[in-house]
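Report on the structure given below.
Scope of the values below: all heavy atoms of this structure, side chains included, with no hydrogens, waters or symmetry mates. Only a predicted model underlies this, so the values are computations on that prediction, with no experimental measurement involved.
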Amino acid sequence: MTTSIIVDTQRIVTPLWPVPQERRIVTVLFADIVGSTALVDRLDPEDVRALQRAYFDTVAGVLHRWQGVVEKYVGDAVMALFGARHSDGFDAYRAVRAGLEIQAALDRRPMVDGIRLRVRVGVATGEVVVDLGDVVTGGHGVASGAVITTAARLQEYAAPGAVALCAATARATAGLITQRQLTPVPVAGRVPPVPVWHAVGPVRPGADRHDGPLIGRRRELATIRDQLGAAIRDRTPRWISLVGPTGSGRSRLLHELTRGLTTVDGLPVRWCVATCQPYPDQVLAPVAHLLRGLAGIRHSDGPAAVHDRLVAALTPLLPPTRVATAVPALQRMLTTPDGSAAALAGAAICREVLLRLAAHRPLIVAVDDLDRAAPAVSRFLHALFSAATERGLPLALLTVHQPQWTDTRPGPARQMTIGPLATVQSGRLLRHLLTRAGQPVALVDRLLPLVGGRPGHATAYVTSLVDGADPAVLPLPEAVRRAVGAELDHLDGERRAVLMAAGTLGGLISGAAVDRALGWTPGRSAPALRRLVAAGLLLPHHVDGYAFAAPALRQVAAERLPRALRTVFQRRAAGAPHPDTVRRDANPLDQRVDAVNGSAARSAEIVRLDTVGARTGRLDAVFAALASAGPGGDTGTTAPRRGSPTPTMAARPAASMAARPAASSPGASRTVGPRRLRAVASAGDVPPTSAASRSPAPSAGGSSPGGLGRPAAPIRTTPASSAGHWALADDGTAPGVVRAIPRPPLIRRLDGLPASA
């Protein structure tokens, strides 16, 4: 069942958003009051109104804090969307946290006459079509999809005060939310019964496991070690930022550094590492994490154990009187690391402790996923670095974040970008992962074009195989889809539209094709394409064109478009010249002749050379076929014209080849324009040198075979590529003029996904 909910009829279309609608994976939260009918029947209408206002204010405030968009109020039920405006990859997590907080907030807030409301919450994740023109401008949007009905049905099976999750939401929040699976429930129109999970609460932050060998990254490791060693050796603090997209292996590289860099010039190095969880409960939670690691405090420790561990850690660093005042302040910050004055005072003491520790021994402070932290954490790190620089301490800062994150204070960080793995390294990683998972190593050839050099994508694909994904289909893993969708949503409207239009085009991407697909003036997409290259999302190709840096990005960008719009883009772009056949040295006269004959809008006929002749004379036959298709389209026997190939060439088997289509075609008797023929030979069929030696000689008059008064153009050849693929193409020249150009080797498409160069 598909449900459409329309909130406003007035549409506001943002001019900066060229694509008005998108197919998006969103998370829907549906909350409803338990026993609302009986409650309303026994209350006065004024009390009902006051109760509804208090209830809706509480729910809307929680949803706004977790970046949910209220889509609809239906009686006393509330429906909200997460991921409708943009996705950060944690839409399901934010929705579940919002559901848990709604329950807690209603439990704490007495309503009219001391009434305490109990609600059921259902959370489901799935695909919808969203009107971005409404949602982006802050209005209520239009969302359509079966997931809306699923969320409404799930809340009916939730216990009062509980949050029920669908299977997709449970998978998206695994490791972040403690869950309890229930017995599958029957849902109308769904066979078999739908599995249901109940959310219990957020999971405490923990370190990620990195138990496999590190493949590649030797250059990055050596560079970072040299930078950290120089900071400690010269007592000149340095700030190094590891920058890379999700799945590039940033956290794995940090783990390897903490394990391998333990001494510098014989001096032991102390590491203090914090990991930023998505949307921490308190803004200073990463600072509290640093302090826990410094003092060896566990989450299970009681107040007495926390006090003893803090005293033991601070006694060698601070005077006794200072320890007596610092320990209570640090305990308060560990208990409530929010932005209050008490928590900020505790953070200042923590900063002083780190500086004292660096004065005793070399110290490296590392923060993973800094882009998830609040600005207060960035200010804490800047203050720590400035103080260490003033004192000349052997201290280094190492932060890890995504490329689109911008520091609140542009400062001294030396940025190192983590690029994709080389093809050989990706193959080694895939073989290791498949072997460890008990999967066939032969799947490396199918997975290699899909992972795009990102270790995280390789791990996700292998994990999906272990979970039962069909090896013959290899669908895009949900984790990869969420991460890539977040990368796409960090772009502005114009660059996002360019990527979505480019995703519908096969092979290489040209600016002309993108402009035609979007209906833009020629050249408008060029700045956006250059900015996408600078962002690492597109790669420039040696031919005039671009390729997607990650194959998953092409698939997600294309699937965001509605089917009708996807078809429109493909139809518009069909007339644009392809990057591997575009002619760099086009002659204006050739273009005018093509415009007159209409050949620029026609597709080239493909003629395989191995069907032309069994032994020799293959290229001669192609030339004769090209010459026989004159301006009038007559393929029959005609008198030799001035500038035509010699009769010996015309008598080759190509005459019969050219005559076959005319005889078999129902419309052979009507007049047709000149045809474009492409003769394709595989490696070894026709050596380039032979092709050049068999080019037709110009006639005495110096005219071309087409009789247009131009000199005949010889076959221009280029050294063959490593794959040895060659093609003969009439790429916009007058009939009879042929060029031989190398073509890149074709990459076999997997699961309908065009391979990216």
Side-chain angles (χ1 to χ4, degrees), residues 3 5 25-37 39 51-52 54-84 90-111 115-126 128 143 145-174 176-185 187 190 194-203 278-279 281:
T3 304
I5 298 179
I25 303 295
V26 303
T27 299
V28 181
L29 181 147
F30 205 97
D32 197 6
I33 298 177
V34 178
S36 60
T37 302
L39 181 64
L51 182 68
Q52 286 180 334
Y55 164 67
F56 286 135
D57 289 345
T58 302
V59 173
V62 173
L63 293 174
H64 177 73
R65 195 172 85 82
W66 289 98
Q67 301 177 17
V69 177
V70 176
E71 175 77 1
K72 184 68 175 179
Y73 293 105
V74 185
D76 53 14
V78 181
M79 193 195 81
L81 299 179
F82 293 80
F90 297 98
D91 306 319
Y93 175 74
R94 288 187 286 111
V96 176
R97 290 295 304 271
L100 292 171
E101 190 171 316
I102 285 172
Q103 301 288 16
L106 292 175
D107 288 342
R108 293 191 303 265
R109 180 174 182 176
M111 300 295 174
I115 296 174
R116 292 187 179 273
L117 295 179
R118 303 292 285 171
V119 298
R120 296 185 177 94
V121 177
V123 182
T125 301
V128 297
V147 66
I148 298 174
T149 304
T150 302
R153 296 291 180 265
L154 280 175
Q155 67 86 21
E156 295 175 359
Y157 291 97
V163 179
L165 315 178
C166 71
T169 306
R171 289 192 299 268
T173 57
L176 298 173
I177 299 292
T178 303
Q179 306 163 358
R180 184 175 67 253
Q181 187 171 4
L182 305 179
T183 304
V185 298
V187 174
R190 302 288 179 86
V194 176
V196 179
W197 284 258
H198 272 185
V200 178
V203 175
Y279 298 95
D281 291 332

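- When the side chain to side chain contact (heavy atoms under 4.5 Å, CB included) test is applied to Q179, the partners found at least two apart in sequence or on another chain are L165, A170, T173, I177, W197.
- When all heavy atoms of V196 and A164 are compared, the closest pair comes out as CG1-CB, 4.0 Å.
- Of all heavy-atom pairs spanning L176 and P278, the tightest one is CD2-CG, 4.2 Å.
- Taken to the nearest 0.5 Å, the OG1 atom of T150 stands 9.0 Å off from the CZ atom of R153.
- Partners of R171 under the side chain to side chain donor-acceptor pair (under 3.5 Å) rule, at least two apart in sequence or in another chain, are E478.
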| task | I would like to know whether V194 and C166 meet side chain to side chain contact (heavy atoms under 4.5 Å, CB included); could you show each step before the answer? | result | CA-CA 8 Å; V194 176; C166 71; 5.6 Å; no

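- The side chain to side chain donor-acceptor pair (under 3.5 Å) test applied to Y279 returns D88, not counting sequence neighbours.
- Listed by chain and number, the residues in a salt bridge (Lys or Arg N to Asp or Glu O under 4.0 Å) with R120 amount to none (sequence neighbours excluded).
- Legend: residues meeting side chain to side chain donor-acceptor pair (under 3.5 Å) with D32, ordered by chain and number and at least two apart, are absent.
- Using a 4.5 Å heavy-atom threshold, the side chains of R118 and D107 count as touching.
- For I102, the side chain to side chain contact (heavy atoms under 4.5 Å, CB included) partners at least two apart in sequence or on another chain are L29, V59, V62, L63, L106, V119.
- Taking each heavy atom of T58 and A105 in turn, the nearest pair found is CG2-CB, 3.7 Å.
- Residue pairs meeting the salt bridge (charged side-chain N to carboxylate O under 4.0 Å, His left out) criterion with at least one member in residues 61-70, sequence neighbours excluded: R65-E101.
- Under the salt bridge (Lys or Arg N to Asp or Glu O under 4.0 Å) criterion, D57 pairs with no residue at all, not counting sequence neighbours.
- Across all their heavy atoms, A124 and L154 have their closest contact at CB-CD1, 4.1 Å.
- The nearest pair of heavy atoms linking V147 to G126 is CG2-N, 3.4 Å.
- For P184, the side chain to side chain contact (heavy atoms under 4.5 Å, CB included) criterion is met by P193, not counting sequence neighbours.
- Here the CG atom belonging to L182 is positioned 12.5 Å from the OH atom belonging to Y157, to the nearest 0.5 angstrom.
- In terms of heavy atoms, W66 sits closest to R94 at O-NH1, 2.9 Å.
- Side-chain atoms of Y55 do not come within 3.5 Å of backbone N or O of L117 as any donor-acceptor pair.
- Here the rule is side-chain contact (heavy atoms from CB on, under 4.5 Å) with M79, and of I148, V70, V69 only I148 fits it.
- A side-chain N or O of Y93 and one of R97 form a donor-acceptor pair less than 3.5 Å apart.
- Interatomic distance, E71 CD to F30 CZ, rounded to the nearest 0.5 Å: 11.5 Å.
- Looking at residues two or more places apart in sequence or on another chain, you find a side chain to side chain donor-acceptor pair (under 3.5 Å) between T125 and T27, T169.
- Remark: A162 pairs with A159, H198 by the side chain to side chain contact (heavy atoms under 4.5 Å, CB included) rule, at least two apart or across chains.
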